[in-house]
A.B. asks: 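I am attaching a structure below and will ask some questions about it afterwards.
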Amino acid sequence: SVKNDTRGGYAFYSSNMNSQFSQHLDLEMGLRRALTNHEFVIHYQPQYDTQGLHVCGIEALLRWQHPERGLLYPGDFIHLAEEVGLIGQVTEWILDTSIRQMKAWVDEGIAPPRIAINLSTLDLKRSNLVDEIIDSLDRHGLPGQNLELEITENLIVQDINMATQRLNALARHGISIAIDDFGTGYSSLSYLHQLPIHTLKIDRSFVQDIDPESTGRSVVDAIIAMGHSLDLTIVAEGVETQEQHAWLAQRECHGMQGYLFNRPMPAEELQSILKTSRPATHSMIAAPAGEE
Ligand code: C2E
Ligand code: MG
Ligand code: MG
Ligand code: MG
């Protein structure tokens, strides 16, 4: 095949750099084919309530079932997809696929309140993003209230006016916005009350630092306290130990996500978890003052 010929050609140069270059090229060509060949898959990771009993949300995480290299993770290819201008199509695919899946779970009566999808910094720059999302919700008959979009602080800082405009448009359709990896980006914090933010996801690096004597504790403490006072929902990502869970629960962190509970998994596996766990009677929304 053409592909093998190309490989042979590059193999002529034995330097590391050239082999990396050819791998990169392979990956880029592969990425272009992955969409048409249906090689992308979604793994879903549940988010639990404070007590760790009910599934309160789901995060959709992209994987690429590469025909030769096996299962690839976003860290292996998302950056490239952004670089070569394919991220828009990838986002459109994961949005549409997870919205369709969520609708099926809603219809079965086993869906938690929300499914979250990660957006790339480049996505919010596209003027058609909002329409694309609304069209997909309409097409599948899923209310915006069931959708959450995860963005990073960097995106907001890059263009606050554009972010404000897009996020307000999404919020008008009931869609929630979560700040992913909170605490790791450049942020002024002032955007927190300017923008329709619903959820802060405490970055895994802080959560993994939760042990006695560590500074991670004070950071997480501060984020949770701020979240409570601003009426934001706080979700801790990367919860791996009982100790971390207990400590977070004591501080009334609203949601937890991590290997302690479940790894991200294919839809069928999550489905059986959703069927056996009683559906959440409440979402993770912080109870308005006086309503507890
Ligand atoms: P993220 O949104 O912060 O997602 C959390 C990452 O932590 C996921 O890695 C998840 O598998 C992993 N994780 C969850 N629980 C634990 C835990 O207890 N311990 C550890 N060590 N890790 C845990 P993953 O799936 O490799 O995704 C990495 C990043 O790639 C995501 O970070 C997100 O920024 C990005 N990403 C994933 N899916 C998409 C997508 O569809 N579009 C875009 N643009 N980015 C995506
Ligand atoms: Mg995320
Ligand atoms: Mg995150
Ligand atoms: Mg993270």
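This one's a predicted model, so the numbers in the text were calculated from it and none came from an experiment. For ligands, and for the atoms within them, numbers begin at 1 and follow the listed sequence.
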A.B. asks: Checking the side chain of Gln45 only, and the main-chain atoms of Asn262 only, is there a donor and an acceptor separated by less than 3.5 Å?
C.D. replies: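 Checked: pair present.
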A.B. asks: I'd like the name of whichever of Arg204, Glu237, Glu59 reaches closest to atom 6 (C) of ligand 1 through any heavy atom.
C.D. replies: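 Heavy atom nearest to atom 6 (C) of ligand 1 belongs to Arg204.
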A.B. asks: Side chains of Glu59 and Gln47: is there a donor and an acceptor less than 3.5 Å apart?
C.D. replies: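 No donor-acceptor contact under 3.5 Å links the two side chains.
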A.B. asks: Strictly under 4.0 Å, does any heavy atom of Arg63 approach an atom of ligand 1?
C.D. replies: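 Arg63 counts as a contact of ligand 1 under the 4.0 Å cut-off.
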A.B. asks: If I consider every N, O or S atom in Glu150, which one ends up closest to the Mg ion (ligand 2)? I only need its name.
C.D. replies: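 It is OE1, the N, O or S atom of Glu150 closest to the Mg ion (ligand 2).
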A.B. asks: Honestly curious: do Trp247 and Val219 fall in one hydrophobic cluster under the side-chain, below-4.5 Å linking rule?
C.D. replies: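 Yes.
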A.B. asks: Grab the two heavy atoms, one from Arg63 and one from Leu71, that are nearest each other, plus how far apart they are.
C.D. replies: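 For Arg63 and Leu71, the tightest heavy-atom pair comes out as CB-CD1, 3.7 Å.
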A.B. asks: Work out whether the distance between some heavy atom of Gly75 and some atom of ligand 1 is less than 4.0 Å.
C.D. replies: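 Gly75 does not count as a contact of ligand 1 under the 4.0 Å cut-off.
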A.B. asks: Ligand 1 versus Val90, non-hydrogen atoms closer than 4.0 Å: side chain, backbone, both, neither?
C.D. replies: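 Neither part.
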A.B. asks: Has Asp181 got an N, O or S atom lying less than 2.8 Å from the Mg ion (ligand 3)?
C.D. replies: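 It does: Asp181 brings an N, O or S atom closer than 2.8 Å to the Mg ion (ligand 3).
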A.B. asks: Is it the case that the side chain of Asp49 and the backbone of Leu53 share a donor-acceptor pair, with hydrogens and angles ignored and the cut-off at 3.5 Å?
C.D. replies: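 The answer is yes, because a donor-acceptor pair under 3.5 Å joins these two groups.
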A.B. asks: Okay, side chain of Thr276, backbone of Ile273: is any donor-acceptor separation there less than 3.5 Å?
C.D. replies: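 Side chain of Thr276 to backbone of Ile273, a donor-acceptor pair under 3.5 Å: yes, one is there.
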A.B. asks: For the Mg ion (ligand 3), find the closest N/O/S atom belonging to Glu237 and write down its atom name.
C.D. replies: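 Going by distance to the Mg ion (ligand 3), the closest N, O or S atom in Glu237 is OE1.
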A.B. asks: For ligand 1, find out whether one of its N or O atoms is nearer than 3.5 Å to an N or O atom of Ile94.
C.D. replies: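 It does not: no N or O of Ile94 is found under 3.5 Å from an N or O of ligand 1.
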A.B. asks: Is there a donor-acceptor pair closer than 3.5 Å between any side-chain N or O of Ser272 and the backbone N or O of Glu269?
C.D. replies: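 Side chain of Ser272 to backbone of Glu269: a pair is present.
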A.B. asks: Is it true that the side chains of Asp123 and Thr91 contain a donor and an acceptor less than 3.5 Å apart?
C.D. replies: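 There is such a pair (donor and acceptor under 3.5 Å, judged by atom type) between the side chains of Asp123 and Thr91.
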A.B. asks: Please indicate whether any nitrogen or oxygen in Asp123 is less than 3.5 Å from any nitrogen or oxygen in ligand 1.
C.D. replies: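 Asp123 vs ligand 1: no N/O contact under 3.5 Å.
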A.B. asks: Does any donor atom in the side chain of Asp96 or His140 lie under 3.5 Å from an acceptor atom in the other side chain?
C.D. replies: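 Yes, His140 and Asp96 have a side-chain donor paired with an acceptor closer than 3.5 Å.
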A.B. asks: Which atoms of ligand 1 are found less than 4.0 Å from any heavy atom of Gly238?
C.D. replies: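 Listed by number with element, the hits are 16 (C), 17 (C), 18 (O).
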A.B. asks: Begin from the C-alpha positions of Arg217 and Asp209 and carry the test salt bridge (charged side-chain N to carboxylate O under 4.0 Å, His left out) through to its verdict.
C.D. replies: CA-CA 7 Å; Arg217 275 198 171 179; Asp209 248 14; over 6 Å; no
A.B. asks: Hey, is Asn118 touching ligand 1 through its side chain, its backbone, both or neither, going by heavy atoms under 4.0 Å?
C.D. replies: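 Under 4.0 Å from ligand 1, Asn118 contributes backbone and side-chain atoms.
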A.B. asks: About how large, to 10 degrees, is the angle OD1 of Asn118, then the Mg ion (ligand 2), then OE2 of Glu59?
C.D. replies: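 The two atoms form an angle at the metal of about 90°.
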A.B. asks: Tell me which part of Lys201 gets within contact of ligand 1: side chain, backbone, both or neither, using heavy atoms under 4.0 Å.
C.D. replies: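 Neither part.
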A.B. asks: Closer than 4.0 Å to some heavy atom of Glu240 - which atoms of ligand 1 meet that?
C.D. replies: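 Listed by number with element, the hits are 17 (C), 18 (O), 19 (N), 20 (C), 21 (N).
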A.B. asks: Are side-chain N/O atoms of Ser205 and Asp203 paired as donor and acceptor at under 3.5 Å?
C.D. replies: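 The answer is yes; a qualifying pair exists.
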A.B. asks: Heavy atoms only, cut-off 4.0 Å: how does Ser120 contact ligand 1, side chain, backbone, both, or neither?
C.D. replies: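 Contact part for Ser120 vs ligand 1: both backbone and side chain.
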A.B. asks: Examine the proximity of ligand 1 to Asp180 and report which part, side chain or backbone, both or neither, has a heavy atom under 4.0 Å away.
C.D. replies: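 Contact part for Asp180 vs ligand 1: side chain (C-beta onward).
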A.B. asks: Could you see which bit of Asp181 sits under 4.0 Å from ligand 1, with heavy atoms only: side chain, backbone, both or neither?
C.D. replies: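 Near ligand 1, Asp181 shows its side chain, while the N, CA, C and O stay back.
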A.B. asks: Could you tell me whether the side chain of Leu35 reaches within less than 4.5 Å of the side chain of Phe40, counting heavy atoms only?
C.D. replies: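 Yes. Closest side-chain heavy atoms under 4.5 Å.
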A.B. asks: Does a side chain donor of either Glu252 or Thr50 reach within less than 3.5 Å of an acceptor in the other side chain?
C.D. replies: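 The criterion, which ignores hydrogens and geometry beyond distance, is not satisfied for Thr50 and Glu252.
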A.B. asks: Out of Phe261, Phe77, Phe40, Tyr259, who gets a non-hydrogen atom closest to atom 16 (C) of ligand 1?
C.D. replies: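 Looking at heavy atoms only, the winner is Tyr259.
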A.B. asks: For the residue pair Leu170 and Leu167, establish whether any side-chain heavy-atom pair is separated by less than 4.5 Å.
C.D. replies: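 Sidechains of Leu167 and Leu170: in contact.
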A.B. asks: Numbering the atoms of ligand 1 from 1, which are under 4.0 Å from a heavy atom of Gly258?
C.D. replies: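 Selected atoms, number and element: 15 (N), 18 (O).
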A.B. asks: Under 4.0 Å from a heavy atom of Gln45: which atoms of ligand 1 are those, numbered in the order shown and with their elements?
C.D. replies: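 Numbered from 1, ligand 1 contributes 14 (C), 15 (N).
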A.B. asks: If you look at Asp180, which of its N/O/S atoms is nearest to the Mg ion (ligand 2)?
C.D. replies: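 Minimum-distance N/O/S atom of Asp180 relative to the Mg ion (ligand 2) is OD2.
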A.B. asks: What atoms of ligand 1 come closer than 4.0 angstrom to any heavy atom of Val239?
C.D. replies: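 Under 4.0 Å from Val239, ligand 1 has these atoms: 18 (O).
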A.B. asks: Could you tell me whether some N/O pair between Gln257 and ligand 1 is separated by less than 3.5 angstrom?
C.D. replies: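 In this structure, Gln257 places no N or O atom under 3.5 Å from an N or O of ligand 1.
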